[in-house]
Amino acid sequence: FNVSKAGARLLSRRAFLQNVVSTSALAAALNGGPSFIGMPWSGAQAAALPRDADVVVIGAGAAGIAAAQRIKASGRKVLVLEAARQAGGRCITDTSTFGAPFDRGARWLHGPDTNPVARLSRGAGVEIYPAASSQRVRIGRRQARASEVEEFLSALVRANRAIDEAAQGKADVAALSVMPKDLESWGPSAAFVLGPLMCGKDLNDISVMDYARALKRGSAALSRQGLGTLIARLAADLPIAYETPATRISWSGRALSVETKAGTIACRAIVVTVSNAVLSTGKIAFAPELPKRVLDSASNLSLGSFDHVALQIPGNPFDLERDDMIIEKADGARTAALAARIGGSDLYAVELAGSLGRDLSAQGETAMEAFAREWIGKLFGSDALKSIGKVHATRWNHDPLIGGAFSMAKVGAQGARKILMEPLGALHFAGVGHVARHNVLHDAPHQAVSVYGNDHLFEFNVVSNVCMSADDA
């Protein structure tokens, strides 16, 4: 949301509010660990930090990079502050652990035909290709028959439709409560796919109204060199100060400033793209303080849990195709998914998500690996475990610069997104999948709407008397 005050602006990636806040699931990257793809700003640490900029962007994740590129293209002086040692947020490609590109966080490009990141891939020298349009289903140690796969897909469609229909009612409820009761043995698998696998949370922790609000995902693509590689290359020409966290944002009166350990930067506008989890911890101080309802809204849009247990399994012992996604017919919530032969390599990833993933992550990497081995053995037999080589697990919930995966609203808190988007003055979008409806935007000195990122929906709004002092729309 945004803030416009006597010509000074404090902006966040969601939209605008009277003062400021950010609600993103893309904030910063891992502290420590193996070598990651990154594009450090030449001289960023050695040279003195600039003392002024037109716009300061806090966070060099996908949203921050998109905003900074747009600001730079307009001819304004922009500076990006990143707490981690590389750009990308949760889009980080690890090239050293397995000797093949391993996306530690996000790896899918949804809607590649319209996704601007996909369009930019060719210029960045990164190859993208269509992801498989279907999943394999295992029932115990065998592959599901065609008729059984049809039963599963039917259960998914019916469950998804039931949640969408419930969202049309007046009362918000948990998505799990409206699942059809006659899904029978496919119920747990459908709940896993629609909840933890798609949203990072169990369906009983997801608002039906927030679930229905999310833009439906169609086709998807993958990057051969890694999505993190692509995002990092898109940041290569930006002035980014790495390992320079913002500690305090002052936004009172006409003058705005951002304090860091390397000094204070004066500016005319600020774009904040830290995650909800980071915002809720208070690691960044605001002067004056953010309104309570803004902080409450960020907390109600808490981050889910989604981690990878990556395994090196040479020789294709399971006879799977490149980038196959394996789902089991589960008998409860203790289940996962398997991303197989990632990019055609010997790399696999057991996807741990939702409350089970969160619990295992809290227990540590050893517990995560033990579950992954147990689960693979259940699907492919104990002999399959002999093929497993190196193993490594991500733990995004415990990264102090991230704090989890993507955000979903708690039951009854679907209004949190609206609070974080209430416009005063112009409206700025950054990130992915924001919705703005029924707003009146008027009498703004500059443009009415700025769009960063992709997959936004802007409809039923009234815009008038904008660009009164400038024509930069």
Side-chain angles (χ1 to χ4, degrees), residues 98 100 102 107 131-159 179 182-198 202-203 222 306-357 359-361 363 365-394:
F98 296 100
F102 164 42
R107 61 184 290 258
S133 58
S134 60
Q135 300 82 34
R136 295 198 186 201
V137 180
R138 301 282 296 188
I139 300 179
R141 294 189 183 179
R142 68 174 177 85
Q143 188 156 315
R145 304 180 185 93
S147 60
E148 293 168 325
V149 174
E150 287 298 322
E151 292 174 1
F152 170 60
L153 294 177
S154 175
L156 275 181
V157 169
R158 293 178 58 222
M179 290 274 283
D182 58 350
L183 297 182
E184 299 176 347
S185 59
W186 289 109
S189 297
F192 168 73
V193 171
L194 298 181
L197 191 62
M198 288 180 56
D202 298 353
L203 288 180
L222 299 167
F306 199 112
D307 280 301
H308 313 295
V309 180
L311 313 99
Q312 203 161 36
I313 306 178
N316 192 16
F318 310 145
D319 192 28
L320 298 174
E321 300 296 327
R322 181 186 73 181
D323 298 312
D324 268 346
M325 179 64 75
I326 314 301
I327 297 165
E328 71 162 329
K329 185 176 185 180
D331 56 9
R334 193 173 173 82
T335 188
L338 178 66
R341 301 188 61 218
I342 297 173
S345 70
D346 292 333
L347 185 61
Y348 295 65
V350 175
E351 313 288 35
L352 300 180
S355 60
L356 173 65
D359 291 345
L360 290 170
S361 175
Q363 294 173 47
E365 190 169 344
T366 299
M368 297 171 76
E369 178 180 343
F371 174 85
R373 288 178 177 274
E374 172 193 340
W375 188 74
I376 289 176
K378 181 174 69 170
L379 296 189
F380 297 100
S382 58
D383 286 346
L385 304 180
K386 300 175 184 178
S387 304
I388 298 176
K390 185 180 294 186
V391 180
H392 178 74
T394 64

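Only heavy atoms go into these numbers, but all of them, side chains included; no hydrogens, no water, no symmetry mates. Predicted, not measured: the structure shown is a model, and the values here were computed from it.
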### Message
Return the CG to NZ distance between L347 and K390, rounded to the nearest 0.5 Å.
### Response
11.0 Å
### Summary
For E148 and R145, the nearest pair of non-hydrogen atoms, with its separation, is OE1-N, 2.7 Å
## Note on the structure
For A372 and V350, the nearest pair of non-hydrogen atoms, with its separation, is CB-CG2, 3.9 Å
### Query
Can you tell me how far CZ of F371 sits from OG1 of T335, rounded to the nearest 0.5 angstrom?
6.5 Å
#### Entry: Heavy-atom check, side chain of L203 versus side chain of M179, under 4.5 Å
yes
### Query
Are E351 and H308 side-chain neighbours, meaning at least one heavy-atom pair lies under 4.5 Å?
yes
### Task
In plain terms, say whether K378 and E374 are close enough for a salt bridge, that is, a side-chain N and a carboxylate O under 4.0 Å apart.
no
### Query
Is there a side-chain contact between I342 and F98 (heavy atoms, below 4.5 Å)?
no
### Message
Is any side-chain heavy atom of R334 closer than 4.5 Å to one of W375?
### Response
no
### Task
Without swapping roles, check the side chain of S189 against the backbone of A330 for a donor-acceptor pair under 3.5 Å.
yes
### Message
Would you compute the distance between atom CG of L338 and atom CZ of F318 and round it to the nearest 0.5 angstrom?
### Response
7.5 Å
### Query
Under 4.0 Å between a Lys/Arg side-chain N and an Asp/Glu carboxylate O for K329 and E151?
no
### Task
Please examine the side chains of V193 and F152, heavy atoms only from C-beta on, and report whether any two atoms are closer than 4.5 Å.
yes
### Task
Quick one: closest heavy-atom pair of G377 and L385, and the distance?
N-CD2, 3.9 Å
### Query
Just wondering, do L360 and Q363 contact through their side chains at under 4.5 Å, heavy atoms?
yes
### Task
Take Y348 and V309, measure what side chain to side chain contact (heavy atoms under 4.5 Å, CB included) needs, and give me the verdict at the end.
CA-CA 8 Å; Y348 295 65; V309 180; over 6 Å; no
### Query
Can you tell me how far CG of L153 sits from CD of E150, rounded to the nearest 0.5 angstrom?
5.5 Å
### Side chain R138, main chain R141, donor-acceptor under 3.5 Å
yes
### Task
Quick one: closest heavy-atom pair of P196 and A191, and the distance?
CD-O, 3.4 Å
### Query
Is any side-chain N of the basic residue among D323 and R107 closer than 4.0 Å to the acidic one's carboxylate O?
yes
### Query
Would you say I139 and R142 make side-chain contact, with heavy atoms under 4.5 Å?
yes
### Separation between CD of Q135 and CG of L156, rounded to the nearest 0.5 Å
8.0 Å
### Query
Can you tell me if R341 uses its side chain to pair, donor with acceptor, with the backbone of N316 under 3.5 Å?
no
### Query
When rounded to the nearest 0.5 angstrom, what distance separates CG in D307 from OG1 in T394?
3.5 Å
### Query
Under the side chain to side chain contact (heavy atoms under 4.5 Å, CB included) criterion, do H392 and E365 qualify, and how do the steps go?
CA-CA 8 Å; H392 178 74; E365 190 169 344; 3.6 Å; yes
### Summary
Nearest heavy-atom contact between A155 and W186 is CB-CB, 3.9 Å
